[in-house]
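Worksheet: the structure to be examined is printed underneath.
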Amino acid sequence: MDFEYDIVVIGAGHAGCEAAAASANMGAKTCLMTMDMNKIAQMSCNPAVGGIAKGQIVREIDALGGQMGLVTDRCSIQFRMLNQSKGPAMWSPRAQCDREKFIWTWREVLDNTPNLSIWQDQAVELIVEDGMAKGVRTLLGAEFRAQAVIITAGTFLNGLMHIGKVQFPGGRIAEPAATGLTESITKHGIRCGRMKTGTPVRIDKRSVDFSKAERQDGDTHYNCFSFMSEKKKLQQLPCWIIYTNEEVHEVLRTGFADSPLFNGQIQSIGPRYCPSIETKLHVFPERGQHMLFLEPEGETTNEMYLNGYSSSLPMDVQIEALRHIPAFKNIEVYRPGYAIEYDYFDPTQLRHSLESKIISKLFFAGQVNGTTGYEEAAGQGIMAGINAVRAIRGDESVVLQRDQAYIGVLIDDLVTKGVDEPYRMFTSRAEYRILLRQDDADMRLTEIGYRIGLATQERYDRMMDKSQRIGKIIQFAENFSLKPAIINPSLPKIGTTPLSHGCKLSELLGRPQVTISNIMPFIEPFQKAVDKICEGCSPTRRDEIIEATEVRIKYKGYIERERQMAEKMVRLENIKIKGKFDYMNMKQITIEARQKLTAIDPETLAQASRIPGVSPSDINVLLVLMGR
């Protein structure tokens with residue numbers, strides 16, 4: 001076989017799949033290397049995609065021309081739009097998925113992607129020549145040559161599993177760890193560390209008494225992740241809410257002495273925002289109960305996932321404690337929860353393109369950069385794939401800014417601030433979150449994806465059509481005048497007060513109680529205008545357009561104010577400082593700033609301002625020295 005490629009991607013998790021698909025769809029001859037072709041895009045933990053801020057990332061991947069949203073929609077067994085009681089900046093889509101169908105749908109996508117090959121093997125050595133990544137050598141003795149290499153090895157690098165005192169090598173349950181690759185990378189000066197994550201017990205639903213659990217259904221109206229999807233494929237299933245109690249807690253505490261988290265067996269740091277059940281009991285001893293979510297693993301399987309019960313306690317303790325929950329009195333499980341430790345690489349040694357500063361044409365994406373979550377991994381994966389292709393072609397990297405995408409916030413945080421625990425995205429990490437809403441990811445990013453050759457013509461045309469229809473509805477609302485005598489009798493019916501004077505329709509739509517849907521029946525010209533503007537749209541498409549229009553009208557002032565704030569920061573983004581200062585010899589700034597600026601070597605003054613330990617006065621000094 002010919003083992004010569006443009007791009008080689010190591011690892012076929014969520015980062016690797018997006019990286020390989022992006023690279024191949026941009027025309028690069030790509031090889032995706034995985035230890036098991038039957039576990040491509042495996043959902044190692046929760047069988048769900050999206051959630052708070054994570055759902056926005058998936059929409060952004062989709063807008064750029066990625067695959068995660070499309071695959072999720074084909075495999076969704078429950079969809080919910082979270083945080084709808086809050087403002088639209090907080091709305092976050094989330095879908096429960098069929099785990100096995102997710103794997104095989106991704107496999108189908110990859111198998112039918114031109115320019116993409118899959119090779120089942122383990123990379124054991126990075127080939128570096130003249131400071132540049134040139135390929136990998138494998139466990140089977142093959143040598144793969146490439147112009148760029150992308151490492152997306154997830155939790156497999158020197159992975160070590162823990163269940164109580166039992167520990168054994170592995171990258172996932174029943175799957176081997178990957179050895180040798182870390183050492184072949186770090187010998188070139190790239191720093192690595194250890195992190196920890198975990199997963200809960202899997203339960204046989206036939207042993208659950210659902211009469212003692214609280215049912216949680218998904219949204220009844222159709223929603224989806226991809227801007228290209230139209231309808232659900234699979235049966236929609238409920239999730240269930242249950243609670244622990246003091247009896248459960250007492251049993252769990254009996255295993256603390258054998259817990260690898262407490263007896264020193266695990267030294268690395270786990271995710272703060274997804275703690276194990278034993279950590280919850282240790283940190284919040286006063287709480288008498290903790291909420292758990294029982295989630296289906298698929299449309300036809302009996303396997304269920306117990307969200308909130310991640311644990312590395314001894315197996316017998318995990319299971320015995322569950323039997324003290326009324327719904328689990330006769331519980332049977334498929335396997336216990338476990339913790340896993342693995343290698344990651346310091347992301348501050350990366351450029352914003354996710355290329356290594358030390359080894360040229362070597363890119364990193366996913367959990368190897370210290371993140372946690374499928375969505376964070378996939379967001380990095382698509383950007384690594386894009387920038388690897390552009391690097392070998394001599395094109396400028398695509399770097400998404402913090403006011404353009406959550407993906408931009410994620411990557412900037414990683415390379416600027418680094419990580420001391422597994423990084424998880426939240427809406428609170430984005431200072432411009434009203435600009436980064438889930439409803440307009442296509443408006444923000446599809447043109448970029450189209451310009452670089454990733455988003456298709458169909459996707460671009462669909463975005464432009466949506467934009468034009470939204471603009472027409474907004475124009476009508478801003479120009480149509482309302483008279484109190486005509487509209488006031490109808491306003492109490494939708495829970496809002498009468499008008500004291502005439503106003504434009506857009507002003508009335510700014511009220512919290514008023515929506516496009518509930519006001520249209522009372523304003524016939526508006527109803528006719530919307531019907532005409534949305535002519536030819538499917539019901540799903542129409543709802544998408546109306547929702548996006550309504551958000552733009554209601555939050556116009558907030559959006560404009562945040563845009564102005566972002567534009568001020570752009571001035572600092574445009575001041576390039578890389579290579580212009582010898583920070584260690586600058587007596588005008590603090591010692592900590594000298595050390596941090598030297599270590600990170602920021603590209604711009606804006607990036608420098610976000611480095612922990614660099615103060616506003618330090619930035620002012622740099623501005624003065626730049627003649628600003």
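Numbers here are sequence positions counted from 1.
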Checking the side chain of [X] only, and the main-chain atoms of [Y] only, is there a donor and an acceptor separated by less than 3.5 Å?
X: Glu421; Y: Ile269; result: no
X: Glu60; Y: Ile407; result: yes
X: Arg459; Y: Thr456; result: no
X: Arg444; Y: Gln404; result: yes
X: Tyr344; Y: Pro422; result: no
X: Asn302; Y: Asp204; result: no
X: Ser311; Y: Ser276; result: no
X: Trp106; Y: Met68; result: no
X: Asp412; Y: Gly408; result: no
X: Gln122; Y: Met35; result: no

**Message:** Using a 6.0 Å distance limit plus a 45 degree cone around the ring axis, check whether Arg437 lies over the aromatic ring of Tyr555.
**Reply:** no

For [X] against [Y], the heavy-atom pair lying closest together:
X: Ser76; Y: Gln236; answer: O-NE2, 3.2 Å
X: Pro200; Y: Cys45; answer: CD-SG, 4.1 Å
X: Gly16; Y: Thr152; answer: CA-OG1, 3.3 Å
X: Leu313; Y: Ile163; answer: O-CG2, 3.8 Å
X: Val317; Y: Val251; answer: CG1-O, 3.5 Å
X: Tyr243; Y: Met291; answer: OH-CE, 3.2 Å

**Request:** Mind running side-chain hydrogen bond (donor to acceptor under 3.5 Å, both in side chains) on Thr446 and Asp442 for me, showing each step along the way?
**Result:** CA-CA 5 Å; Thr446 294; Asp442 51 346; 5.6 Å; no

**Message:** For Arg402, is there an ion pair with Glu431 - N to carboxylate O distance below 4.0 angstrom?
**Reply:** yes

**Item:** Glu295 bridged to Arg94 by N-O distance under 4.0 Å
**Value:** yes

**Prompt:** If you measure only the distance, is there a donor-acceptor pair under 3.5 Å linking the side chains of Gln235 and Thr300?
**Reply:** no

**Asked** Rounded to the nearest 0.5 Å, how far apart are CD of Glu18 and CG of Leu64?
**Response** 9.5 Å

**Prompt:** Is there a side-chain hydrogen bond (donor to acceptor under 3.5 Å, both in side chains) between Asp73 and Ser226 once you walk through the steps?
**Reply:** CA-CA 7 Å; Asp73 289 338; Ser226 176; 4.7 Å; no

**Request:** Report, as yes or no, whether the 6.0 Å neighbourhood of atom CE on Met443 holds more than 12 heavy atoms from other residues, nucleotides or ligands.
**Result:** yes

**Request:** Please indicate whether Arg323 has more than 12 foreign heavy atoms, meaning atoms of other residues, nucleotides or ligands, lying under 6.0 Å from its CZ.
**Result:** yes

**Prompt:** Can you find a heavy atom in the side chain of Cys75 that is under 4.5 Å from one in the side chain of Glu299?
**Reply:** no

**Asked** Should Arg172 and Ser44 be marked as a side-chain hydrogen bond (donor to acceptor under 3.5 Å, both in side chains) after you check the CA-CA gap, both sets of side-chain angles, and the distance that decides it?
**Response** CA-CA 7 Å; Arg172 251 189 320 246; Ser44 307; 3.0 Å; yes

**Request:** Mind running side-chain hydrogen bond (donor to acceptor under 3.5 Å, both in side chains) on Ser92 and Asn83 for me, showing each step along the way?
**Result:** CA-CA 7 Å; Ser92 301; Asn83 277 345; 4.8 Å; no

